[in-house]
Number of protein chains: 2
Amino acid sequence: MKRSSQTFDYSQETIDLAKFAKALSHPARIIILKHLSNQSCCFTGDLLEVLPLAQSTISQHLKELKEAGLIEGEVNPPKVKYCIHQENWKKAQKEFQTLFKEDFRKIKCC
Amino acid sequence: MKRSSQTFDYSQETIDLAKFAKALSHPARIIILKHLSNQSCCFTGDLLEVLPLAQSTISQHLKELKEAGLIEGEVNPPKVKYCIHQENWKKAQKEFQTLFKEDFRKIKCC
DNA sequence: TTTATTAATCGTATATTTGCGATGAACAAT
DNA sequence: ATTGTTCATCGCAAATATACGATTAATAAA
């Protein structure tokens, strides 16, 4: 598969936004983020009661959220405490805001 | 592949948000949406100058955005005019806002 | 030292996404 | 009727995502 779009020069903002959106693109990960938003913090195990998924699957979702920068984990064996990565969370919030606020209604159409 | 999470009872809001996020999860689609936001409307062909992708690929991305409800196309053969689906666009905006506004900072952590 | 607890990672299977060229459909212009 | 324009769809290949069980790693408790 040729991947021309991956070498194309998308702006960093566009890449970041797509990355954040991808992290939010699965219901389980939204549940996790909502849970963290409400609870402030939680352990991986707590999520086993919230989601109908295997431990390994939840761990994978957490990894993706971590790689997207939306959460961070504090290792405290044998537990790991996760919470929202506040700085990046605000960054994501701002980038989504920017996308949606563009006033396309300047010129009426359709 | 077992897909337990797909039969699980996620809330409609969660499903909708994940769907919108998935639509936004590719840089090309973000470019398209930004273009539509600024231009109000455009034809498929216009995007060929904006994106380094084949016509068929762009058409596919447009289809996904349409299926996610974020854009709509007015067929006017041989051209098709695309624009933001304002109602759903606002709905998406609101749902992202809701996600991010949850004040997880109530309890300080990490 | 052995056992229990917690969570990450590995290996594997399947589904979905992304991309392209080729083709087809709809209409305008000739 | 033929040709040109525009765009969607089909068929394929490759990459990525999703899910699970099994295993491993790190530590506490016994």
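Letters go in sequence order (proteins before strands), and every chain restarts at 1.
- The residue A:Lys22 sits close only to the backbone: its heavy atoms come under 4.0 Å of sugar-phosphate atoms, none of a base.
- Going from atom NZ of B:Lys79 over to atom P of D:dG4 covers 18 Å, rounded to whole Å.
- Using a 4.0 Å heavy-atom criterion, one finds that B:Ser59 contacts the bases of the nucleic acid, with or without backbone contacts as well.
- Computed from coordinates, the A:Leu53 CG to D:dA17 P distance equals 17 Å when rounded to whole Å.
- Separating the CD atom of A:Gln55 from the C1' atom of D:dT24 is a distance of 12 Å, rounded to the nearest angstrom.
- No donor-acceptor contact under 3.5 Å links the side chain of A:Glu64 to the base of D:dA17.
- Under the ring-ring contact (aromatic ring centres under 6.0 Å, His included) criterion, B:His35 pairs with no residue, sequence neighbours left out.
- The separation between A:His26 atom NE2 and C:dT16 atom C1' is 11 Å, rounded to whole Å.
- Dashed line: the shortest gap from a side-chain N or O of B:Tyr82 to OP1 or OP2 of D:dA8 is under 4.0 Å.
- Residues A:Leu17 and B:Phe100 share a single hydrophobic cluster, defined by chaining ILVMFWY side chains whose heavy atoms lie under 4.5 Å apart.
- For the pair A:Leu65 CG and C:dA7 P, the interatomic distance rounds to 16 Å; values are reported in whole Å.
- Heavy-atom nearest nucleotides on DNA chain C were determined for A:Phe43 and for B:Pro78, and the one closer to the 5' end corresponds to A:Phe43.
- Dashed line: the shortest gap from a side-chain N or O of B:Ser56 to OP1 or OP2 of C:dA22 is not under 4.0 Å.
- Using cut-offs of 30° and 60° on the angle between ring planes, the pair A:His26 and A:His61 is tilted.
- At a threshold of 4.0 Å, the pair A:Lys66-A:Glu72 does not count as salt-bridged, since none of the basic side-chain nitrogens sits closer than that to a carboxylate oxygen.
- Rounded to an integer number of Å, the gap from A:Leu51 CG to D:dC20 C1' is 15 Å.
- Spacing between atom NZ of A:Lys63 and atom C1' of D:dT16 amounts to 13 Å, rounded to whole angstrom units.
- Remark: B:Lys34 engages A:Glu13 in a salt bridge, criterion side-chain N to carboxylate O under 4.0 Å.
- At the phosphate of D:dC20, OP1 or OP2 sits under 4.0 Å from a side-chain N or O atom of A:Thr57.
- Remark: P of D:dT6 and CG of B:Asp46 are 10 Å apart, rounded to the nearest angstrom.
- Across all strands shown, B:Gln60 has heavy atoms under 4.0 Å from base atoms, whether or not it also approaches the sugar-phosphate.
- Side-chain N/O atoms of A:His61 include none lying less than 4.0 angstrom from OP1 or OP2 on D:dA17.
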